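Throughout, protein chains are lettered first and strands after them, A, B, ... in sequence-line order, and every chain is numbered starting at 1. Please read these numbers as outputs of a predicted model, since none were measured by experiment.
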2 protein chains.
Amino acid sequence: MDATRLTERLAALAHPARLEIVLHLARTDGCGCGDVVDTLPLAQSTVSQHLKVLLEADLITHERKRPRSTYRLNRDALLAVSEHLNAIVDQCCVGACCGGKSNRLD
Amino acid sequence: MDATRLTERLAALAHPARLEIVLHLARTDGCGCGDVVDTLPLAQSTVSQHLKVLLEADLITHERKRPRSTYRLNRDALLAVSEHLNAIVDQCCVGACCGGKSNRLD
DNA sequence: ATCGTTTATCGGCGATATACGATGAATTCG
DNA sequence: CGAATTCATCGTATATCGCCGATAAACGAT
């Protein structure tokens, strides 16, 4: 995952509604757009847009089914973001620095 | 860290220039605004604004010194974001779900 | 074929973000 | 003192975001 992809994913997560959607999908093993609409004080078109953003960032998956489609959290993608941030922390000037703290030497 | 704080930090990280700044600070154990300006194709005032955003998100620290001030990465804050995302992944419907994968049972 | 349900897309508006140059404040150097 | 350095802030122009209502598209049910 390059820097551009990372910022795209971070941007996708950096919105209260979208973060809420991610949390909802994490709790409910996949649901449709309508289900998400019911949990948020937003119009259906707005939710659809948010889902699209998350989809383009590959943070969720989409399965077209009838009568309802299913959106699911892409755990791997979310985990990749988490680990990328972790890598930055680890990379942080090995040795005593950044406020005098040592690096994960446990 | 509540959801609002998390989205604020994610938003701060979700910009190419600011992510670059964070990476730079991670590599160079603290430096001034001017040093950052030298590494980016942006005006000094723009960089200063980006630093302010990162500062408000508490992702970096600022020590006013002369002749140069010093910005440093706040490792704990960045780590907190990483772990928060990790927690969402872990929370993801305990059991087989989300693409049929099991949850970190190692 | 028509209707109802579900979802995606379009157009537009207000708000926010991003960029820059200019300016000011604080400090150091000559 | 005056000049230079470093950085923050202001004002402003432009672009993007976020939201909505309206509409289109897809499809199952009647």
Side-chain angles (χ1 to χ4, degrees), chain A residues 3-25 28-74, chain B residues 3-25 28-74:
Chain A
T4 303
R5 193 80 176 134
L6 179 59
T7 53
E8 185 190 6
R9 286 184 176 172
L10 288 168
L13 293 169
H15 188 284
R18 288 195 292 265
L19 186 60
E20 200 53 52
I21 291 174
V22 165
L23 289 171
H24 185 66
L25 292 182
T28 64
D29 186 17
C31 60
C33 176
D35 296 323
V36 179
V37 172
D38 292 340
T39 68
L40 293 172
L42 294 171
Q44 177 269 326
S45 58
T46 303
V47 171
S48 184
Q49 297 237 41
H50 283 313
L51 287 168
K52 186 180 181 184
V53 172
L54 290 169
L55 202 53
E56 284 170 351
D58 201 34
L59 283 166
I60 63 178
T61 63
H62 185 209
E63 187 185 353
R64 300 190 89 102
K65 256 191 313 190
R66 287 291 158 178
R68 312 202 123 195
S69 60
T70 305
Y71 286 97
R72 282 200 175 78
L73 185 63
N74 182 353
Chain B
T4 303
R5 194 78 177 137
L6 178 59
T7 53
E8 185 191 5
R9 287 183 174 172
L10 288 170
L13 292 170
H15 187 286
R18 288 195 292 265
L19 184 62
E20 199 55 51
I21 292 174
V22 165
L23 289 172
H24 185 66
L25 292 182
T28 63
D29 185 16
C31 60
C33 176
D35 296 323
V36 180
V37 172
D38 292 340
T39 69
L40 293 172
L42 295 171
Q44 178 267 326
S45 58
T46 304
V47 171
S48 186
Q49 296 242 42
H50 283 312
L51 286 168
K52 187 180 180 183
V53 171
L54 289 170
L55 202 54
E56 283 169 351
D58 203 33
L59 284 166
I60 63 178
T61 62
H62 186 208
E63 187 186 352
R64 300 189 91 101
K65 256 191 313 191
R66 286 291 160 174
R68 312 201 125 197
S69 60
T70 304
Y71 286 97
R72 282 199 174 78
L73 185 63
N74 182 352

Taking 4.0 Å as the cut-off, does a side-chain nitrogen or oxygen of [X] come that near to OP1 or OP2 on [N]?
{"X": "Tyr71(A)", "N": "dT6(C)", "value": "no"}
{"X": "His62(A)", "N": "dT7(C)", "value": "no"}
{"X": "His50(A)", "N": "dC19(D)", "value": "yes"}
{"X": "Arg68(A)", "N": "dT6(C)", "value": "yes"}

His24(B) side chain near Glu20(B) side chain, heavy-atom distance below 4.5 Å: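 No, their side chains stay 4.5 Å or more apart.
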Kindly indicate whether the side chain of Val36(A), heavy atoms from C-beta on, has any atom under 4.5 Å from the side chain of Tyr71(A). no
Describe, in one word, how the ring planes of His50(B) and His15(B) are oriented to each other, choosing from parallel (under 30°), tilted (30 to 60°) and perpendicular (over 60°). tilted
In Å and rounded to the nearest 0.5 Å, what is the CG to CG distance from Leu19(B) to Leu54(B)?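 Answer for the CG-CG pair, Leu19(B) versus Leu54(B), is 9.5 Å.
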Spacing of CG belonging to Leu23(A) relative to OG1 belonging to Thr28(A), to within rounding of 0.5 Å: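 Reported to 0.5 Å precision, the distance equals 10.5 Å.
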How many Å lie between [atom1] on [X] and [atom2] on [N], as a whole number?
{"X": "Gln44(B)", "N": "dC10(D)", "atom1": "CD", "atom2": "P", "value": "14 Å"}
{"X": "Leu42(B)", "N": "dC20(C)", "atom1": "CG", "atom2": "P", "value": "5 Å"}
{"X": "Arg64(B)", "N": "dA25(C)", "atom1": "CZ", "atom2": "P", "value": "14 Å"}
{"X": "Glu8(A)", "N": "dC17(D)", "atom1": "CD", "atom2": "P", "value": "11 Å"}
{"X": "Arg66(A)", "N": "dT5(C)", "atom1": "CZ", "atom2": "P", "value": "13 Å"}
{"X": "Asp38(A)", "N": "dT5(C)", "atom1": "CG", "atom2": "P", "value": "14 Å"}
{"X": "Leu54(B)", "N": "dT18(C)", "atom1": "CG", "atom2": "C1'", "value": "14 Å"}
{"X": "Lys65(B)", "N": "dT27(C)", "atom1": "NZ", "atom2": "P", "value": "15 Å"}

Has the side chain of Gln49(B) got a donor or acceptor atom sitting under 3.5 Å from an opposite partner on the base of dA8(D)?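 In this structure, the two groups form no donor-acceptor pair.
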Quick one: does Thr46(A) reach the base of dG18(D) with a side-chain donor-acceptor pair under 3.5 Å?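 Absent.
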For Leu51(B) and for Ala14(A), find the nucleotide of DNA chain D with the closest heavy atom, then tell me which residue's nucleotide is more 5'. Leu51(B)
Residue mapping more 5' on DNA chain D - nearest nucleotide basis, Ser45(A) or Val53(A): Val53(A)
Closest to the Arg18(A) side chain: dA8(D), dA19(C), dG18(D)? dG18(D)
Of the candidate nucleotides dT9(D), dG21(C), dT18(C), which contains the atom at the shortest distance from the side chain of Ala43(B)?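 Side chain of Ala43(B) sits closest to dG21(C).
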By nearest nucleotide on DNA chain C, pick out whichever of Ala11(B) and Cys31(A) is the more 5' one. Cys31(A)
Determine the contact category for Ser69(A): base if any of its heavy atoms lies under 4.0 Å from a base atom, sugar-phosphate if only primed atoms, P, OP1 or OP2 are that close, otherwise nothing. sugar-phosphate
